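To start, the structure under review is shown below, and the notes come after it.
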Amino acid sequence: MVQQYQSPVRVYKYPFELVMAAYEKRFPTCPQIPVFLGSEIKYEYKSDDGAVHVKERRCKLNVDAPYILKKIAGVEVVYFIQKNSLDRRERTLKIEAHNESFASRVVVKETCLYSVHPENPEWTCFEQSASLDVKNFFGFESTVEKIAMKQYSQNIKKGKEIIEFFINELKSKGVTYVPPWTPPKPVSPSEPKAQTSQPESQTAATVLSSPSSSDSITSTSSYHSANTAAQTPASPTVPDIPELPPDIRISSEDKLDADYIERFLGHLTPIQESYLIQLRKWIAESHKGQVPKDSHILRFLRARDFNLEEARKMLCNSLAWRKQHQVDLILDTWKPPTPLVDYFAGGWHYYDREGRPLFILRLGQMDVKGLLKACGEEAILRHILSVNEEGLRRCEEATKARGYPISTWTCVVDLEGLSMRHLWRPGVKALLRFIEVVEANYPETMGRLLIVRAPRVFPVLWTLVSPFIDENTRKKFLIYGGNDYLESGGLADYIDPEYIPDFLGGTCHCNMPEGGLVPKSLYQLLDNLSMNDGLPSLCQETIYQLSSVFKGSPHEVLVNIDDKDSVLTWDFDVLKGDVVFTVLRSRRPLSMPKDPPGAVGGPLNVQLLDKSMTVGVDVSVVETPLVCHEGESIQGSHVARYPGPYVLQWKFHNAPVSSSLPQAVKATLPDVFTHHKCKVMYYHEVLASEDFRPLSFMGSMTSLQSSQSGFSSLSVGTTSSAQSNSSQSANSSCPSR
């Protein structure tokens, strides 16, 4: 596989001619480059007017390779061929290099270019690209690749330092300016001068003696640019200055300046810089639309440990997702519903000690279930996306304001008030989907996450969600129980005391909602919760289903149990009217109708049990019928003793109304007494028996952390067996409110 490398633009704040004079001092040998043992000129050409100077060298390099590899290869040094094409008229130096040693086994190609800065003619730019193709090297192919990458990184790192060293040396000798090339006065025609192999020292003696004194400039670096190739005199002995191959040519818009990278993106190794440039170029070519910001591209590379192909796939999927859901417009278009504005206990709050934007989330004070039922999963996810987009914007502002790169933010999560009600199964499932979306599209945005006042129930939640959080992100979590966050190593180490919120022992007011229970009057029907302004749904699956229950027409849900002792769990809300809930087991095979009533355009109403079926013969009641009133939330579970079809049934409840009541009084009764329709929003799940085992919440923190159950443990804390009859108490937990 061919490895490609591309360096950013490195800028010397000196004129091109002075940089060339400094570079010439690297030859014939350079103590600052220990691996460069020497060179000899194999070919040289100068144009009559002195504008074009082409030189080809054979360079000897010492390779920093393991002793055994040198012995197997039978060499101590390797040879490279370098061709340098200097065009003083255009003020460019183009350099091409390839390996002579082991050319049949390893192909190394390097290209570089020195050119005038496009915006400042008194500055000089340098760029470098390289490719490596290890075909076969005695079984040490991966070792050779690592050696080549190491050598490339060292050359990039030292290149600018060496030029700066020799420029300072020239200055110490009083040389601060080298005149640019000017066309000579007309002279009689003469033949081009061609020279053959000669010692390097003979051509490098007087670097600054004339405008053509830097003719012997060479480099082991490589670069490509869209600058115009030099025009050379028509002569059969004049070699063409080759155009750069299309596969490595980049436009000026695609270039990245090394100083820009250091200032806005942070320190990167040469290899990391190369991968950033390559991925940026690929995105620009494959996505004709807007190219993401460099900091955004870099996050995906970091998330995949700079595996270029994996980062490309991840970024490509994210860009498609952003386009599909119009995420780029979310800060301008998203208007959160009133329950989120009033009860979502989170917001941005100044910065941490390192200048990162700071987000405070009072998760323990949030009514997760109420928000889901009042706003829906879709709206909450869009709100979370808007928070992340705002975080990206604040990072950019902080980078500009503070003078150093800030690409992540800090989050403080206050868990005071966290209880088993937060471990509501559908809510946890929604949380996991939120985490999945954020991890896939906002990688490497969390600089630090401080979890404070973690209660004893927290390890249960952590057991559920931690497998879905990227390992690099998990390493950034700091967890404090009780008041530990007030001690040394706590919040004050990461946040200035003047910015610590008052509810965490500080003095700073935090301008955000305090959370609290969402009034049930704000709950909405499933149809309204799924509305998303015509945009594709962000949530691929729905937590709840909506059903209608009519007088004389119950709603029934088929649940097939495959394994004995599996646990059937349920969670439902009575939105309208009163219902009677029952769980039954059928001894006959059952199947869902192909087109259930209301499957399109309205709530479901499905009847599975035939009226001819007899209780005790064809079906058996496994959970005692429970009357559920309008506005109630019911959770429960049943351990199935036998595999087979089970039915969750909701029947219309005929509330008794005294016939002695006057008609005027009856007219004032709630709709449940006068209407013959109820609505239920429900959710159910089947768990394996090994995943459903009670947890002792009075036990130690260690015992909680060792729990490996999935969603199973959640239902234990929300169920009660008080209403089970004696024959069922061993295998069921009746619904609870």
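These numbers were taken from a predicted model, which means no experiment stands behind them. Both backbone and side-chain heavy atoms feed into the values below; hydrogens, waters and symmetry mates do not.
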Legend entry - Minimum heavy-atom distance between H422 and M366, given as atom pair plus value: NE2-O, 2.9 Å
Legend entry - Closest heavy-atom pair and its distance - A303, N472: O-ND2, 4.4 Å
Legend entry - Side-chain donor-acceptor contact under 3.5 Å, N605 with H555: no
Inset, instruction - Please test Y485 against L450 for side-chain contact (heavy atoms from CB on, under 4.5 Å), starting from the C-alpha separation and ending with a verdict. - result: CA-CA 9 Å; Y485 69 96; L450 307 171; over 6 Å; no
Legend entry - Pairwise distance NZ(K475) to CD1(I469) - rounded to 0.5 angstrom: 14.0 Å
Inset, instruction - Would you indicate whether the side-chain heavy atoms of E685 and K429 approach each other to under 4.5 Å? - result: yes
Inset, instruction - Run the numbers on V606 and V557 for side-chain contact (heavy atoms from CB on, under 4.5 Å), then give the verdict. - result: CA-CA 7 Å; V606 178; V557 175; over 6 Å; no
Inset, instruction - Count the heavy atoms of every other residue, nucleotide or ligand shown that sit under 6.0 Å from CD of E436, and state whether that count exceeds 12. - result: no
Legend entry - Side-chain heavy atoms of H296 within contact of F300, under 4.5 Å: yes
Legend entry - Nearest heavy-atom neighbours spanning I360 and M512: CB-CE, 3.4 Å
Legend entry - Student check: side-chain heavy atoms of T338 and L522 closer than 4.5 Å: no
Inset, instruction - Carefully, step by step, assess L385 and V437 under the rule side-chain contact (heavy atoms from CB on, under 4.5 Å). - result: CA-CA 9 Å; L385 297 184; V437 171; 4.1 Å; yes
Inset, instruction - Find out whether L308 and F306 are in side-chain contact, i.e. whether some heavy atom of one side chain is under 4.5 Å from a heavy atom of the other. - result: no
Inset, instruction - State, with a plain yes or no, whether a side-chain heavy atom of H684 is found less than 4.5 Å away from one of D571. - result: no
Inset, instruction - Would you give the length of the straight line joining atom CG of L517 to atom CG of L371, rounded to the nearest 0.5 angstrom? - result: 10.0 Å
Inset, instruction - Output yes when a side-chain donor or acceptor of E439 lies under 3.5 Å from a complementary backbone atom of D470, and no otherwise. - result: yes
Legend entry - CG on L590 to CG on L584, rounded to 0.5 Å: 10.5 Å
Legend entry - Pair S318, N441: side-chain N/O donor-acceptor within cut-off below 3.5 Å: yes
Inset, instruction - Check whether any side-chain N or O of Q365 sits under 3.5 Å from a backbone N or O of E416 as a donor-acceptor pair, and report yes or no. - result: yes
Legend entry - Pair E444 + K476: basic N to acidic O under 4.0 Å: yes
Inset, instruction - Measure across Y343 and P519 and return the closest heavy-atom pair with its distance rounded to 0.1 Å. - result: OH-CD, 3.4 Å
Inset, instruction - Using a strict cut-off of less than 4.0 Å between a Lys/Arg side-chain nitrogen and an Asp/Glu carboxylate oxygen, indicate whether R322 and E389 qualify as a salt bridge. - result: yes
Inset, instruction - Check whether any side-chain heavy atom of V619 sits under 4.5 Å from a side-chain heavy atom of S586, and report yes or no. - result: yes
Inset, instruction - Supply the atom-to-atom distance F458 CZ to L418 CG, rounded to the nearest 0.5 angstrom. - result: 8.5 Å
Legend entry - Any donor-acceptor N/O pair, T445 side chain to Y442 backbone, under 3.5 Å: yes
Legend entry - Heavy-atom side-chain proximity of P455 to L415 below 4.5 angstrom: yes
Inset, instruction - Start with the C-alpha gap between R312 and E309, add the side-chain angles, then the distance that decides, and say whether salt bridge (Lys or Arg N to Asp or Glu O under 4.0 Å) holds. - result: CA-CA 5 Å; R312 184 193 67 79; E309 181 59 25; 2.6 Å; yes
Inset, instruction - Specify the closest pair of heavy atoms between G616 and R587, including all atoms of both residues, with the distance to one decimal. - result: O-NH1, 3.2 Å
Inset, instruction - Mind listing the closest non-hydrogen atom pair of R382 and I330 along with its distance? - result: O-CD1, 3.4 Å
Inset, instruction - May I ask you to decide if the ring planes of W334 and H383 are parallel, tilted or perpendicular, using 30° and 60° as cut-offs? - result: tilted
Legend entry - CA sep, side-chain torsions, deciding dist, call: L504, R453, side-chain contact (heavy atoms from CB on, under 4.5 Å): CA-CA 9 Å; L504 292 177; R453 301 199 281 193; 3.6 Å; yes
Inset, instruction - Taking atom CD of Q607 as the centre, report whether more than 12 heavy atoms of other residues, nucleotides or ligands fall under 6.0 Å from it. - result: yes
Legend entry - K679 NZ to F550 CZ distance, which is reported to the nearest 0.5 Å: 9.0 Å
Legend entry - D367 (side chain) donor-acceptor with V518 (main chain) under 3.5 angstrom: yes
Inset, instruction - Would you indicate whether the side-chain heavy atoms of P645 and L558 approach each other to under 4.5 Å? - result: yes
Legend entry - Residues Q649 and E556: side-chain donor-acceptor under 3.5 angstrom: yes
Legend entry - Sole candidate of Y682, F581, W650 that passes ring-ring contact (aromatic ring centres under 6.0 Å, His included) when paired with W570: F581
Inset, instruction - Nearest 0.5 Å please: distance from the NZ atom of K335 over to the CG atom of L340. - result: 14.0 Å
